Amino acid sequence: MEHKRQELASAKRKASLLLAAAACTFGITMLVTPNPWVLAARAISEAALVGGLADWFAVSALFRRIPTGIPFITAHTDVIPRSKDRIADNLSAFLKEKFLAPQTLVELIRQHDPSRYVADWLADPANARRLGSHVARATEGVLHLVEDARIEQLLRDAAREVFKGVDLTGALRGVLEMLTRDGRHDQLLEQALDRALRLMDRPETRAWLAAQVIEWLAQEHPRKQRILPKHWIAQNVATAIADAVAARLESIRANPAHAYRQLFDRWVRDFVVRLQSDSALQARGEDIKQSLLDDATFGTYVGTLWGSLKAWLTDDLRNPQSAFHHGVAAAGTWLGRQLTQDPQLRQALRSQLEDAATRLAPDFAEFLTSHVRDTVRRWDGREMADQIELNIGKDLQAIRVNGTIVGGLIGLGLYLLTYLTGRV
């Protein structure tokens, strides 16, 4: 801004110095003895002075009031500050008619074919990755715009409303019915047996059993455990228990008709029937559900899910190697390839853009031009004039220089004309 002010001041000095030189030349020619050269200089300086003063008045009258003593002329100075509202109206109308008219936008779309541009841009993998980065940053920005407290409360309220409508016993019955269909609960039992066998075979499990035996001896037989080899006893007892349990589990697993298997099958099927018919069990399910709804810990846990989800999403969005980045980039590359290879798709996209421009242009133009008009109307007239002069004043001062020079040339031409015709 300061640089523009310095350039404007320099341009004003140059124009004023040229005008002053014309005035001085004219004054000198009035004082010396006339001869053809003096008269030529007087004609040139006189016409240059007239042209320079006229252009100075025209340029200055645009931005400020110039009292001339002639009301009609003075009334037409200070043009820009006085015409601020009219400039605002005309500028908004010009934008609306020349730039935002539906036909203008449609012609612009047809001329530049945005679908081809989008296809070529997305076909470059670097641009597709850049798109993924931009979308990720935009998504992260949206995450930080929302109020965490409101989202957490919304999740709590939503979870309670959803959970309130859940038939807990009915849902459990449905899960068990699905598991008992085609013997799927037997598969779960097989997996449980495998896990239990592996657990019994772990050294940590046997060490824990031995520790329990030692603790039992210390509590039940404090005196005897002092003289007995308690560690040896504990290790052997733990081994015996683990082996016995493992043997029983292995026998259950090896025998499809084992009594415990049949007992488990009957228990599951009976429990499904009870869930459907036992009102006490159903009431117990409702009590459990209500206690969860009333539990502050449940609400706190649901609320903190948003914080955890937001932190995870933020980290993922900031990672250029995340699945989100790769997914957006891959989608952009695919779209670019499809647009490049399919002319009909490009034509369809172009037609959609033209239809959208035709439908939306009037409302958008009205909104934008109203914003421009209202904004300009709110400006201070003097400040507006100063800003315009700051931006185009250098060119206007060049007009003053040109007016002085052109005036001088015209004066020279008229003098030569009169001299050659013998009228001087």
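Please read all numbers here as calculations on a predicted model, not as lab measurements.
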Practice item. Please confirm whether the backbone N or O of Ala41 pairs with a side-chain atom of Tyr415, one donor and one acceptor, at under 3.5 Å? Key: no
**Study point:** Asp78 bridged to Arg382 by N-O distance under 4.0 Å
**Key:** yes
**Study point:** Under 3.5 Å: donor-acceptor pair, side chain of Ser370, backbone of Glu366
**Key:** yes
Review point. Just wondering, more than 12 heavy atoms not from His371 lying within 6.0 Å of its NE2?
Key: no
Review point. With a cut-off of 6.0 Å (strictly less than), are more than 12 heavy atoms of other residues, nucleotides or ligands near CZ of Arg198?
Key: yes
Review point. Does a salt bridge link Asp380 with Lys84, judged by any charged N lying under 4.0 Å from a carboxylate O?
Key: no
Point to revise | More than 12 heavy atoms of other groups within 6.0 Å of Arg195 CZ | key: no
Practice item. Could you tell me whether Glu107 and Arg110 make a salt bridge, using a distance below 4.0 angstrom between a side-chain N and a carboxylate O? Key: yes
**Study point:** Short side-chain to backbone donor-acceptor contact, Asn127 and Trp121, under 3.5 Å
**Key:** yes
**Study point:** CD (Gln344) with more than 12 external heavy atoms under 6.0 Å
**Key:** no
Review point. When you measure from the side chain of Asp342 to the backbone N and O of Gln338, does any donor-acceptor pair fall under 3.5 Å?
Key: no
**Study point:** Check against side-chain hydrogen bond (donor to acceptor under 3.5 Å, both in side chains), Thr314 and Arg318
**Key:** CA-CA 6 Å; Thr314 301; Arg318 290 177 179 175; 5.7 Å; no
Review point. Passes side-chain hydrogen bond (donor to acceptor under 3.5 Å, both in side chains), Gln347 versus Ser351? Steps please.
Key: CA-CA 6 Å; Gln347 178 60 40; Ser351 298; 3.2 Å; yes
Check your understanding: Is it true that a side-chain atom of Asn402 and a backbone atom of Ala398 form a donor plus acceptor pair closer than 3.5 Å?
Key -> yes
Point to revise | Within 6.0 Å of CZ in Phe367, more than 12 heavy atoms from elsewhere | key: no
Review point. Is the backbone N or O of Thr340 less than 3.5 Å from a side-chain atom of Arg346, with the two atoms forming a donor-acceptor pair by type?
Key: yes
**Study point:** Check: Asp89 main-chain N/O paired with Ser92 side-chain donor or acceptor under 3.5 Å
**Key:** yes
Exercise for review: For side-chain hydrogen bond (donor to acceptor under 3.5 Å, both in side chains), just list the numbers for Gln387 and Glu383, CA-CA rounded to whole Å, side-chain angles, deciding distance to a tenth of an Å, and then say yes or no.
Suggested key: CA-CA 6 Å; Gln387 289 298 317; Glu383 182 180 353; 5.1 Å; no
Point to revise | Donor-acceptor contact present, side-chain Thr421 to main-chain Thr418, <3.5 Å | key: yes
Check your understanding: Any donor and acceptor pair, going by atom type alone, linking the side chain of Ser10 with main-chain N or O of Gln6 inside 3.5 Å?
Key -> no
Check your understanding: Roughly how far, to the nearest 0.5 Å, is the NZ atom of Lys96 from the CZ atom of Arg373?
Key -> 8.0 Å
Check your understanding: So, the side chain of Thr205 versus the backbone of Asp201: is there a donor-acceptor pair under 3.5 Å, distance only?
Key -> no
